[in-house]
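Taking it in order: structure first as structure tokens, then the write-up.
Treat the numbers as computed from the prediction; the structure is a model and nothing was measured. Lettering follows sequence order; numbering is per chain, from 1.
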Number of protein chains: 2
Amino acid sequence: MTINEIAEMAGVSRATVSRYLNQGYVSQEKRERIREAIEKTGYQPSSQAQTLRTKKTKLVGVILPKISSDTVSRMVAGISDVLSKRGYQLLLANTNNDTEEELKYLNLFKDNQVDGILFIATIFSPRHKKILKEYRVPVVILGQRLDGFSCVYQDDYHAAMQITERMLKSGRIPAYIGVTDRDEAAGLNRRKGFAAALEAAGVPLRPELMVEGDFSIESGQEKMKELLAIEPKLDCVFCATDNVAVGAAAYLKEAGKSIPGDVQIVGTGDTPIGRYVTPRITTVHFFYKTSGMEAASMLIEQMEDDRAVTKELKMGFEIMENGSTISG
Amino acid sequence: MTINEIAEMAGVSRATVSRYLNQGYVSQEKRERIREAIEKTGYQPSSQAQTLRTKKTKLVGVILPKISSDTVSRMVAGISDVLSKRGYQLLLANTNNDTEEELKYLNLFKDNQVDGILFIATIFSPRHKKILKEYRVPVVILGQRLDGFSCVYQDDYHAAMQITERMLKSGRIPAYIGVTDRDEAAGLNRRKGFAAALEAAGVPLRPELMVEGDFSIESGQEKMKELLAIEPKLDCVFCATDNVAVGAAAYLKEAGKSIPGDVQIVGTGDTPIGRYVTPRITTVHFFYKTSGMEAASMLIEQMEDDRAVTKELKMGFEIMENGSTISG
DNA sequence: ACACGATATGAGAACGATATCATATTTGAA
DNA sequence: TTCAAATATGATATCGTTCTCATATCGTGT
């Protein structure tokens, strides 16, 4: 089915059918005949031909590090809801946390192909920045802040600070299991928030009790073991993610420590896995799905209004203790 | 940048550039000049124009019920790996478990737009079947079996049967928390497997101890409460998913029961959340990511070879007890 | 020397839509 | 009544590719 066949069936020119489809002037009479023809045939315009002419693909590229992660998939759920409501479709690029893959997709989407990009980022290299600078379609970065770009991110610094403060109410010897500082959001900012809370509380920061792992449960177990070997008397641990916290808790139990009696554990992210270990992990709830929705809305604004200016959106959070909100 | 500009820079016709890009006859000399021009300009062919001409979009539509689910996102990770390796891109449609949304996307993708569909299905209505029958592009169904269609699914029946057998080694009064039979895989087949194991073991099946919930943790808690009210002496429970099992376990603990001392709990799916509750849930490991990869490969075969015949692939499983494999 | 297949090239049509332009016809305000 | 604006329509060009076809050159076996 093409627009030509519809035009013929309805006895009008193809230009009129096009006008019908794009709210131009069409008389009641022809409008009705066209409607009928389309209904009968189930005609759908070829999006490729439309794109070729209009340069609008109605496609949004979503580049992400790992789809099978609770955090990321919640963001994508939010993104998907907003995009589909606004008539956009979602082109998914799963990079498996591989920089080369990220750059590959960033390049692939560069010229044509998509009207805009949502980039769920972890670590920015100079090459990322270079490509992003040259971009012709709007980009919104999700999960990290980057100067000069529209972005939506979590308030990692204050979240880490507040939950650490809370932990220090009864903790005396704090430890820290984090991730690389190259991940500004989850690494650097959380670490700084942790350090700020210690300073404010007048608790000495012992660098040997701050270790770096990755985002996995296994990493939490392993690093907890290291920490406990260094300082058997530590009595509270901040973990950069809930996964890590679950791993750390698992090791402590194994080592015969009671939680939170002997050692307090706090996490970040409020992921489902943290919600059903016993005792329940004290954590920070981030609004991942909402941030996905916000980022998508922001992108749509930029795609549809070329005067739209870049924006930064820092999302709030909630401290969760034993399953309920303590503070915002 | 268009093919015309490249042609001009290289001093050849646009047909020659096209041949260069599609491995036709081009002399060494011109080949070199074209390569240079492309390199200098960073030219990338417009995929829309290509599609318009060739009718190949190199796009695969993936329709799924809920991206923020461990099971589904693992399948998508597998799908994504295979597709991107073979030069396809992934158009994601998240239906939020809404039949109308499923049908909407099934219709949207019908005519043009994608070269093939991967449909991660839960419940088939007659309308689904009607649309699928009329499909012109290849479809592979993931997670369910459907007569006459290519599909990849788990061996839910035997998985449920074997894990139930295991549970009955020490269990005497079994209960069952499942999901609707309209979900053939997770509902009907697991229920039948459970029933078959009871029959084989000569344990009477008490219909009042078989209840139906949904896939959530909350549902597990609630249904466990109901069951315990009906039969306080029940000593083992089969749960159709790990989420449900975690919920059931949480309620039992609350009710002062010890696991597995007083009541054994088994789940299905080996999801991360089941791996870190204490005691660890006995469950069935399904190869979700692998099944996504298999489904994607199957679809590619069907898209690229029109003589390809429909196939069914039933995936194996492993029983996991305390974190290690017991049987296959 | 000839013929034939392989190699090499470009002109022009086609894919299915929208945009531009020219041209009627109908309104409605002065 | 008149004339400009609003409404209505179709012919034709165009988007950036690939495909078909016509044509030319080259190598090689007879």
Exercise for the section: Please work out which of the three classes, parallel, tilted or perpendicular, describes the rings of A:F124 and A:F119, given edges at 30° and 60°. Expected result: perpendicular
Handout entry: Check ion pair A:E36-A:R33 (N to O, under 4.0 angstrom)
Key = no
Exercise for the section: In plain terms, say whether B:K56 and B:E304 are close enough for a salt bridge, that is, a side-chain N and a carboxylate O under 4.0 Å apart. Expected result: no
Problem - 5′-ward residue of the pair B:L52/B:E29 relative to DNA chain C - result: B:E29
Length of the [atom1]-[atom2] vector between [X] and [N], whole Å:
| X | N | atom1 | atom2 | value |
| --- | --- | --- | --- | --- |
| A:I3 | C:dA19 | CD1 | C1' | 12 Å |
| B:I6 | C:dG10 | CD1 | P | 15 Å |
| A:M1 | C:dC15 | CE | C1' | 16 Å |
| B:Q113 | C:dG16 | CD | P | 15 Å |
| B:N22 | C:dT9 | CG | P | 16 Å |
| B:Y25 | C:dG5 | OH | P | 13 Å |
| B:K55 | C:dC15 | NZ | P | 8 Å |
| B:K30 | C:dT7 | NZ | P | 17 Å |

Problem - Polar pair under 3.5 Å, donor/acceptor by atom type, side chain A:R19, base C:dT18 - result: no
Practice task
Check whether the side chain of B:R53 and the base of C:dA14 form a donor-acceptor pair under 3.5 Å.
Solution key: yes
Practice task
Determine the sole option in A:E184, A:E312, A:R145 for which the side-chain hydrogen bond (donor to acceptor under 3.5 Å, both in side chains) test with A:Y153 is passed.
Solution key: A:E312
Practice task
Start with the C-alpha gap between A:K55 and A:D115, add the side-chain angles, then the distance that decides, and say whether salt bridge (Lys or Arg N to Asp or Glu O under 4.0 Å) holds.
Solution key: CA-CA 9 Å; A:K55 309 289 171 207; A:D115 290 349; over 6 Å; no
Practice task
Would you indicate what B:Y20 reaches in the nucleic acid, counting non-hydrogen atoms under 4.0 angstrom: base, sugar-phosphate, or nothing?
Solution key: nothing
Handout entry: Range on DNA chain D touched by chain A - first to last nucleotide, heavy-atom distance under 4.0 Å
Key = D:dA6 to D:dG16
Handout entry: Under-4.0 Å side-chain N/O to phosphate OP1/OP2 contact, B:T54 with C:dC15
Key = no
Exercise for the section: Could you note down all residue pairs passing side chain to side chain donor-acceptor pair (under 3.5 Å) where residues 4-13 of chain B supplies at least one of them, sequence neighbours left out? Expected result: B:N4-B:R14, B:S13-B:T16
Practice task
Walk me through it: do B:Y288 and B:Q154 pass the test side chain to side chain donor-acceptor pair (under 3.5 Å)?
Solution key: CA-CA 8 Å; B:Y288 288 120; B:Q154 317 300 333; 5.7 Å; no
